[in-house]
Q: 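Okay, here's the structure, questions in a sec.
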Amino acid sequence: MLKLLRGLNISTKYNRGYLIALAILFFAILPLFSDPGTLRLLILTYMTLILCISWNIISGYTVFLSLGHSMFLGIGAYTSAILYEKYGISPWIGMIISLAPSTLLAIIIGLLTFRLHGAFFALTTIAILQILRLLALHFADITGGSLGIIYTPKNDPYNFFFLEVTPYYYVIYIMLLITIYISYRIDRGFLGKRLKAIGDDEIASVSIGIDAMKSKLLAFIISALIATPVGTFYAQYIGYIIPDSVFDLGLSIKVAVIGMIGGAGTFLGPIIGTFILIPIEQLLTIYLSSYYGLNLVIYGLLLMITMIFLPKGVISFIEGFLRWQKKY
Amino acid sequence: MESNILIQAIINGIAVGGIYAIMAVGLNIIFGVMKTINFAHGEYLMIAMYAIYWTHYFLKIDPLLATPISLAISLLLGYVSYYLVINKIIYKEDYTQIAVTMGLSIFLIGIAQLLWSPTYRGITTPYATRNINIGGYYLSIPSLMVLIYALGVSLFLYYFLKYTRVGVAMRAASQDAVGAGLCGIDINKIYLLAWLFGVSIVGTSAGIIAGIYYTHPYVGQALVLYAFVVAVIGGLGNYIGGLIGAFILGISLSITTNYVSSDLSLAFAYLIFILVLLIRPSGIMGVKIVKRA
């Protein structure tokens, strides 16, 4: 195994470029030879992964733990759906319009809580998520209340409706590639360095001239901008939205759990976390679905164990292993 | 007539506030001493409520008489989880603490679903629907018990923290853990004590609360969200502030339910929460916590 790893020589830059290009190509041509079931599973994985990367940008690098991240999903879903249902605006445009309310929300939450103890941010994100959910339930004449908004399936590419799974796959795949690129640039760029410094020691980072408030706000806005379009995609792909499915506390917590298990504050962490936990979740759903609640038990256990023994997530374990095998 | 409804709404609000107060007092004790927000707080209540429910189910005794069992179980659970989990994160940063207590919460919810399914389980007591009449206004018997319990616990804590040696040690540890340690206080024991206090307050209340709310895996999560709001209104870590905050929240929710809409009342609670963050983040009784950065 070790020899094989060394044989691949993954640390050389050229080879890594080839590998990445190969992986991008592989997932791009995957719909040609796989069944809709696999594609649906991959779409779910990609959506979770985008949310998780978005979560990582604010909560991974800094200590501000967002536990209500699906609020952006909900805003994206509801804005585009309401615009389409009431005014006939294409969800493609609605997707862009929905960026405005979530940016505004990110700024408001940021200004309110970024100067406080980290726990306040966590509690505020939960609070905002609940407020949005209850508002969506209450104003039934706009949002459809607890019945939600239901689309009839049709083939209408201009309005983001497809009958097949494949077009949806490509849409979310392109969104994922853009997200990963943005995340990579942030991780390697100035913003990422500033955020890591703030996460390590905020007072020290301010004293060397980092505008902590501005960096955190920027990170949160980028995070919101990444997560919101997934909401529109979700509404179009699933075909119906209800407040409890998009403004979902459980989903928000799941995104945070995946990010923390994978390794918060790293570029690869969310990716590793998603590819560890989504398969586990799927296996549990398929083979042990009669044991209702087992997925929560495993999530909780994994979260506690990783945070206690590997505070930097599974990625730190893998990095340690690679460093260790290099010695021999 | 109008004022009658208002006064009745206020009385109802005080009654509901008692439940929030019970939740928030434990949360505040733990935060005040250990500087840890216990996201699993509601789940201790949930497990204790299941203990009550099953004791009631099998032994057919009144839920109040089952209180010693729920207390014992929550103490046991608190003790075990303290040594397995909490012990290891006390000195870590709050990010880890939030994550781990949240993991504990998810874990306990999962266990409850796995063992007892997500069914809503209710206990009917003979006194559940009975009211007492205070000058034309009504207060239900379970609410009265909640109020007595909340006030009793607060008074007990007040005297405990003020007049006993352990209580003074606890306050010292909450002000400055290192300094208190240097004076010979065993900080780890104080932390364990604070944790068990917080857990047993909800554990004891389960006998009353199981007669009011249905027992199901998410009951704790639903209630703890209010408790967070209450704790922030009153000032995190300040249990008297929490008590006042609970009644403020209870009354304002009850008035909103009466005059605006019942399904928006939780949204209103969070609105208060955000307003408090905006105006006075340290809460009405708290100390300054704004980090200058």
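Worth saying up front: this structure is predicted, and the values here are computed from it rather than measured. Chain letters run A, B, ... following the sequence lines, proteins first and then strands; every chain starts at 1.
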Q: Please examine the side chains of B:Y270 and A:I128, heavy atoms only from C-beta on, and report whether any two atoms are closer than 4.5 Å.
A: no
Q: Using every non-hydrogen atom in the two residues, find where B:Y95 and A:G60 come nearest and quote the distance to one decimal.
A: OH-CA, 4.2 Å
Q: Of all of A:L123, A:L112, A:L137, which one pairs up most often with chain B through heavy atoms under 4.5 Å apart?
A: A:L123
Q: Is A:T113 in contact with chain B via its backbone, its side chain, both, or neither, using a 4.5 Å heavy-atom distance?
A: side chain
Q: Do A:M260 and B:M102 have side chains that get closer than 4.5 Å, going by heavy atoms?
A: yes
Q: At a heavy-atom separation under 4.5 Å, does A:T62 approach chain B through its side chain, its backbone, both, or neither?
A: backbone
Q: Do A:Y292 and B:L114 come within less than 4.5 Å of each other through their side chains, counting heavy atoms only?
A: no
Q: Report which part of B:L225 has an atom under 4.5 Å of a heavy atom belonging to chain A: side chain, backbone, both, or neither.
A: side chain
Q: With sequence neighbours left out, write down each residue that passes salt bridge (Lys or Arg N to Asp or Glu O under 4.0 Å) with A:D244, or none if nothing qualifies.
A: A:R133
Q: Taking the side chain as C-beta and beyond, is there a heavy-atom pair between B:Q221 and A:L249 under 4.5 Å?
A: yes
Q: Minimum heavy-atom separation for A:I308 and B:K88, please, with both atom names.
A: CG2-CD, 3.6 Å
Q: Under 4.5 Å heavy-atom distance to chain A, tell me which part of B:V229 shows up: side chain, backbone, both or neither.
A: neither
Q: Name the region of B:L278, side chain, backbone, both or neither, that has any atom closer than 4.5 Å to a heavy atom of chain A.
A: both
Q: Please classify the contact of A:I198 with chain B as side chain, backbone, both or neither, using a heavy-atom distance under 4.5 Å.
A: neither
Q: Can you find a heavy atom in the side chain of A:L67 that is under 4.5 Å from one in the side chain of B:F39?
A: yes
Q: What's the separation between atom NE2 in A:H138 and atom CG in B:L266, rounded to the nearest 0.5 Å?
A: 13.5 Å
Q: Do other residues, nucleotides or ligands put more than 12 heavy atoms under 6.0 Å from B:Y82 OH?
A: yes
Q: Among A:A122, A:P311, A:S59, which has the most heavy-atom pairs under 4.5 Å with chain B?
A: A:S59
Q: Atom CD1 in B:I37, atom CZ in A:F120: separation rounded to 0.5 Å?
A: 7.0 Å
Q: Tell me which of these, A:I126, A:T124, A:I298, A:L132, has more heavy-atom pairs under 4.5 Å with chain B than the rest.
A: A:T124
Q: Looking only at heavy atoms, which two atoms of B:Q113 and A:G293 are closest? And how far apart?
A: OE1-CA, 3.4 Å
Q: Around atom OH of B:Y91, are there more than 12 heavy atoms from other residues, nucleotides or ligands closer than 6.0 Å?
A: yes
Q: When rounded to the nearest 0.5 angstrom, what distance separates OG1 in B:T96 from NZ in A:K312?
A: 7.5 Å
Q: Using side-chain contact (heavy atoms from CB on, under 4.5 Å) as the criterion, point out the one residue from A:I253, A:V297, A:N295, A:L301 that pairs with B:I106.
A: A:I253
Q: Find out whether A:L135 and B:L264 are in side-chain contact, i.e. whether some heavy atom of one side chain is under 4.5 Å from a heavy atom of the other.
A: yes
Q: Any heavy-atom pair between the side chains of A:L296 and B:F107 that's under 4.5 Å?
A: no
Q: Only counting residues at least two apart or in another chain, list the ones meeting salt bridge (Lys or Arg N to Asp or Glu O under 4.0 Å) with A:K214.
A: none
Q: Find out whether B:L104 and A:L303 are in side-chain contact, i.e. whether some heavy atom of one side chain is under 4.5 Å from a heavy atom of the other.
A: no
